[in-house]
Protein chains: 2
Amino acid sequence: MLSIGTLAKRTGTKVQTIRYYEQIGIMPEPGRSEGGQRRYGDEELDRLAFIRHSRQLGFSLEAIRELLDLSDSPERSCAEVDAIAQRQLREVEARIGRLEALRVELRRMIGECDQGQMADCRILQVLRDHEECLTDHDRGGA
Amino acid sequence: MLSIGTLAKRTGTKVQTIRYYEQIGIMPEPGRSEGGQRRYGDEELDRLAFIRHSRQLGFSLEAIRELLDLSDSPERSCAEVDAIAQRQLREVEARIGRLEALRVELRRMIGECDQGQMADCRILQVLRDHEECLTDHDRGGA
DNA sequence: CTTTTTTCTACAGCTACTGTAGGAAACGAA
DNA sequence: TTCGTTTCCTACAGTAGCTGTAGAAAAAAG
């Protein structure tokens, strides 16, 4: 039987996070010691490791809840699991795309900065320079 | 004089977000109409556009607060602004790196799924398969 | 037996907003 | 001017996914 602290160490999770998972219902209420402390077995260890690994892969807790539900009902097809993973992949790719665009703009901005005085700092000018943004919203909104 | 709604439309911001920015002190308290409604001028429009543009580039509100402070004190060097932008670029690059690693693992996972029954779903197996994670934390923690 | 570590509950705080309720102000049309 | 619609006001709760705190009890170590 494992204490919450041991479980935490073994899975690289903080103790409060485990209690939080219990609170939101993705970890079960475990048994207790005589003194009222949580005691876990291997099943809970596996479940928590699954959750943490999925979190590391960027799955939301809601998606993980779905995955756990699916894995509890073996009569359903693997296709549903696949769909969740595909969705996750698409989200990751979208995020990468957005960040790459940011990187381009940041690099351009930084490249133009020649370490002069504030008055003509290119970075601030670029950030202040919202012409495109403004007209964007103007045309779009009105 | 602009109403808060007009300012919102022009900058692509929600009305509540503007009030939130005022509350946390990165937008000033504006003048009011006779009836007590907020009225803005071009200075506030510029400031808000600066904030929104910076947010779109991934800067945190804290970083933006710094940038605004710096741009209010023109005697300081552009190098400080450059440092903030560089830091931001490094963060963006780190995030891209992490997401690319995720993408690799997700693709591998999905590739192995052959749409069979749950019992032998590769995706769930991969997610469940935490050997590496466990030993990682085991060796690292103990 | 004493000291230190761990655990307990309950709650506040974090980022950056977003949404809601209930009411007042402003604006356009008749 | 009156009506109806839209916008605005304040104040507060909620979102995701935790993290940190306080004060007390239980467990482990010496």
Side-chain angles (χ1 to χ4, degrees), chain A residues 1-27 29-40 44 47-48 50-68 87-88 91-92 95 98 102 141-142, chain B residues 1-27 29-40 44 47-48 50-68 87-88 91-92 95 98 102 141-142:
Chain A
M1 284 302 190
L2 308 167
S3 71
I4 196 170
T6 310
L7 191 67
K9 243 177 227 157
R10 292 263 203 110
T11 57
T13 314
K14 299 225 167 181
V15 166
Q16 297 104 303
T17 304
I18 298 174
R19 288 198 282 250
Y20 169 71
Y21 286 163
E22 179 183 328
Q23 193 187 309
I24 64 168
I26 67 170
M27 281 295 286
E29 290 185 25
R32 299 277 179 150
S33 73
E34 281 202 11
Q37 302 193 350
R38 291 171 179 80
R39 291 293 175 253
Y40 297 93
E44 284 102 328
R47 191 182 177 94
L48 182 55
F50 178 97
I51 293 170
R52 294 308 290 178
H53 194 183
S54 303
R55 286 292 298 140
Q56 280 167 28
L57 285 172
F59 288 91
S60 70
L61 288 175
E62 260 334 284
I64 293 168
R65 208 191 288 271
E66 278 185 81
L67 289 170
L68 286 166
R87 200 173 64 207
Q88 183 58 23
E91 269 170 40
V92 166
R95 260 186 278 167
R98 262 178 282 134
L102 288 193
Chain B
M1 284 303 191
L2 308 168
S3 71
I4 194 169
T6 309
L7 191 66
K9 241 177 228 157
R10 293 264 202 107
T11 56
T13 314
K14 301 225 165 181
V15 166
Q16 297 104 302
T17 304
I18 298 174
R19 289 198 281 250
Y20 168 71
Y21 286 163
E22 179 183 328
Q23 192 186 309
I24 63 168
I26 68 171
M27 282 294 287
E29 290 185 25
R32 301 275 180 151
S33 73
E34 282 203 10
Q37 302 194 351
R38 290 171 179 79
R39 291 294 175 253
Y40 297 93
E44 284 101 328
R47 191 182 177 93
L48 182 55
F50 179 96
I51 294 169
R52 295 309 290 177
H53 195 183
S54 303
R55 285 292 299 139
Q56 279 167 29
L57 286 172
F59 289 92
S60 69
L61 288 176
E62 260 333 285
I64 293 168
R65 207 192 288 271
E66 278 185 80
L67 289 170
L68 286 166
R87 200 172 64 207
Q88 182 58 23
E91 268 170 39
V92 166
R95 260 187 278 167
R98 263 177 280 136
L102 288 192

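Chain letters run A, B, ... following the sequence lines, proteins first, then strands; residues in each count from 1.
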Rounded interatomic separation in angstrom, taking CD1 from B/I64 and P from C/dT15: 13 Å
In whole angstroms, how far is the P atom of D/dG17 from the CE atom of A/M27? 17 Å
Which residue, B/S60 or B/Q16, contacts DNA chain C at a nucleotide closer to its 5' end, judged by nearest heavy atom? B/S60
If you look at every heavy atom in B/V15 and B/G5, which pair is closest and at what distance? CG2-CA, 4.0 Å
Donor-acceptor under 3.5 Å (A/Q88 side chain, A/G58 main chain): yes
Base, sugar-phosphate or nothing for B/Y21? Non-hydrogen atoms, less than 4.0 Å. sugar-phosphate
Does A/K14 have a side-chain nitrogen or oxygen under 4.0 Å from the phosphate oxygens OP1 or OP2 of D/dG20? yes
In 5'-to-3' order, the base (B), backbone-only (S) or no-contact (-) status of each nucleotide in nucleotides 23-30 of chain D, using a 4.0 angstrom heavy-atom cut-off, is ---SS---
When you get a sec, tell me which of D/dG17, C/dT9, D/dC8 is the closest nucleotide to the side chain of A/R32? C/dT9
Regarding B/R52 and B/Y21, do their side chains bring together a donor and an acceptor under 3.5 Å, going by distance alone? yes
Taking atom C1' of C/dT18 as reference, at what distance in whole Å does atom CD1 of B/I4 sit? 14 Å
Take the protein atom CD of B/Q23 and the nucleotide atom P of D/dA13, then report the distance between them rounded to whole Å. 13 Å
So, OP1 or OP2 of C/dA26: does either fall under 4.0 Å of a side-chain N or O from B/S3? no
Where the side chain of B/R55 is defined as all heavy atoms beyond and including C-beta, which of C/dC17, C/dG19, D/dC8 is the nearest nucleotide? C/dC17
Whether A/E44 and A/R47 form a salt bridge (side-chain N of Lys/Arg under 4.0 Å from carboxylate O of Asp/Glu) is what I want to check. no
Of all heavy-atom pairs linking B/I64 and B/I51, the shortest is CD1-O, 3.8 Å
Please test A/R32 against A/R39 for side chain to side chain contact (heavy atoms under 4.5 Å, CB included), starting from the C-alpha separation and ending with a verdict. CA-CA 5 Å; A/R32 299 277 179 150; A/R39 291 293 175 253; over 6 Å; no
Whole-Å distance between C/dC17 P and B/E22 CD? 16 Å
Should A/R95 and B/R95 be marked as a side chain to side chain contact (heavy atoms under 4.5 Å, CB included) after you check the CA-CA gap, both sets of side-chain angles, and the distance that decides it? CA-CA 9 Å; A/R95 260 186 278 167; B/R95 260 187 278 167; over 6 Å; no
Tell me the interatomic distance from B/Y20, atom OH, to D/dA11, atom C1', rounded to whole angstroms. 16 Å
Using a cut-off of 4.0 Å on non-hydrogen atoms, how would the nucleic acid contact of A/R52 be classed: base, sugar-phosphate, or nothing? sugar-phosphate
In whole angstroms, the gap separating C1' of D/dA16 from CD of A/E91 amounts to 13 Å
Whole-Å distance, A/E62 CD to D/dT15 C1', equals 12 Å
Would you tell me if any nitrogen or oxygen in the side chain of B/T17 comes within less than 4.0 Å of OP1 or OP2 on C/dA16? no
Looking across every strand, which nucleic acid part, if any, lies under 4.0 Å from A/R19 by heavy atom: base, sugar-phosphate, or nothing? base
Output yes when at least one side-chain N/O atom of A/R65 is less than 4.0 Å from OP1 or OP2 of D/dG17, else no. no
Between B/I26 and B/L68 the two heavy atoms that sit nearest each other are O-CD1, 4.2 Å
